[in-house]
Amino acid sequence: MNMISPNQVPPSPRLSPNEWQFAFDHVIYDVDGRAQFTKFLQSEYSEENILFWWAVEELKAVGVSEGRTKFESTVQEMYDTFIAAESPLAINIDHDTRTDIIALVEGKEPSTFPENIYERAQAHVYRLMEKDCFSRFVHTNAYKDVAKKLSLPQTFRFNCIRLQPGGPTAQAAATN
């Protein structure tokens, strides 16, 4: 699946005045940034998060450009890969979200799959990556390289205090 241009920022980006979210969005929408973040997630044994998040982004493009048949097969492939019991890349989502997706897919006619079937799970995974994984990623040389390339902040503001990634105060604030 390669429907979205690797460097394409979403049409209605989730960018805000919040530097942290701004930096995270730019990292995951940039091909090099996403590659570095994915390597970092692999080192933490959690690359399924970015793989799922990106698969949902591509699914959105499939629904628009390639028609319903491709959409339905992609939904099923993603279900088998990320949601189903014993799936090889099971994502960490809440029970209610997983149960709702299972109810929409298992034993159902693919023509009934809603276009937003994975949106809630994608939002959950996004928040998990942004709040948890990214807070550790910003302390790496890989982030510093990506930040320099994309002109992203090297320091972040928490409660009106300017912190630099890597310092003990920054680590404590990033986990709050």
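We number each residue from 1, following the sequence as shown. All of these numbers come straight from a predicted model, not from anything done at the bench.
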Peer 1: Mind checking whether Val27 and Leu51 sit in one hydrophobic cluster, side chains of I, L, V, M, F, W, Y counted as touching below 4.5 Å?
Peer 2: yes

Peer 1: Testing the basics here: between Asp32 and Lys149, what is the closest heavy-atom pair and its distance to 0.1 Å?
Peer 2: OD2-NZ, 3.0 Å

Peer 1: For the CG atom of Leu41 and the CD atom of Glu48, what is their distance to the nearest 0.5 Å?
Peer 2: 8.0 Å

Peer 1: Show the nearest heavy-atom pair for residues Phe137 and Ala142, with the distance to one decimal.
Peer 2: CE1-CB, 4.0 Å

Peer 1: Could you see if Val56 belongs to whatever hydrophobic cluster contains Leu128? Use Ile, Leu, Val, Met, Phe, Trp, Tyr and a side-chain cutoff under 4.5 Å.
Peer 2: no

Peer 1: Which pair of heavy atoms, one from Cys133 and one from Phe37, lies closest together, and at what distance?
Peer 2: CB-CZ, 4.0 Å

Peer 1: Test: side-chain hydrogen bond (donor to acceptor under 3.5 Å, both in side chains). Region: residues 37-47. Which pairs qualify, not counting sequence neighbours?
Peer 2: Glu44-Arg136

Peer 1: Please assess Ile28 against Tyr126 for the test side-chain contact (heavy atoms from CB on, under 4.5 Å), listing each intermediate value before the final yes or no.
Peer 2: CA-CA 10 Å; Ile28 63 174; Tyr126 176 94; 3.9 Å; yes

Peer 1: Just grab all the side-chain hydrogen bond (donor to acceptor under 3.5 Å, both in side chains) pairs involving residues 95-111, residues at least two apart or on different chains.
Peer 2: Tyr79-Glu106, Asp94-Thr97, His95-Thr99, Thr97-Arg120, Asp100-Arg120

Peer 1: Taking atom CE of Met78 and atom CD of Glu58, what is their separation to the nearest 0.5 Å?
Peer 2: 9.0 Å

Peer 1: Atom CD1 of Ile83 and atom OH of Tyr118: how far apart are they, to the nearest 0.5 Å?
Peer 2: 6.0 Å

Peer 1: When rounded to the nearest 0.5 angstrom, what is the spacing between CD1 in Ile91 and CD1 in Ile50?
Peer 2: 12.0 Å

Peer 1: Between Lys131 and Ser135, which heavy-atom pair has the shortest distance, and what is it?
Peer 2: O-OG, 3.4 Å

Peer 1: Looking at residues at least two apart in the chain, or sitting in another chain, which of them share a ring pair (Phe, Tyr, Trp, His ring centres under 6.0 Å) with Phe134?
Peer 2: Trp20, Phe24, Tyr143

Peer 1: To check you understand the geometry: which heavy-atom pair defines the closest contact between Ala147 and Gln154, and what is its length?
Peer 2: CB-NE2, 3.4 Å

Peer 1: Under 3.5 Å, is there a donor-acceptor pair between the side chain of Gln36 and the main chain of Val146?
Peer 2: no

Peer 1: If you take all heavy atoms of Val125 and Asn49, which pair is closest and at what distance?
Peer 2: CG1-O, 3.3 Å

Peer 1: In Å, rounded to the nearest 0.5 Å, how long is the span from CD of Glu77 to CG of Leu59?
Peer 2: 10.0 Å

Peer 1: Which value, rounded to the nearest 0.5 Å, describes the distance between His124 atom NE2 and Glu119 atom CD?
Peer 2: 15.5 Å

Peer 1: Under the side-chain hydrogen bond (donor to acceptor under 3.5 Å, both in side chains) test, which residues partner Gln122, sequence neighbours left out?
Peer 2: Glu57, Lys60

Peer 1: Partners of Phe82 by ring pair (Phe, Tyr, Trp, His ring centres under 6.0 Å), sequence neighbours excluded?
Peer 2: Phe52

Peer 1: Ring pair (Phe, Tyr, Trp, His ring centres under 6.0 Å) between Tyr29 and Trp53: does it pass, once the steps are laid out?
Peer 2: CA-CA 11 Å; Tyr29 277 101; Trp53 180 86; 5.1 Å; yes

Peer 1: Checking the side chain of Ser87 only, and the main-chain atoms of Ala84 only, is there a donor and an acceptor separated by less than 3.5 Å?
Peer 2: yes

Peer 1: Distance only, no hydrogens: is a donor on one side chain within 3.5 Å (strictly under) of an acceptor on the other, for Asp80 and Gln76?
Peer 2: yes

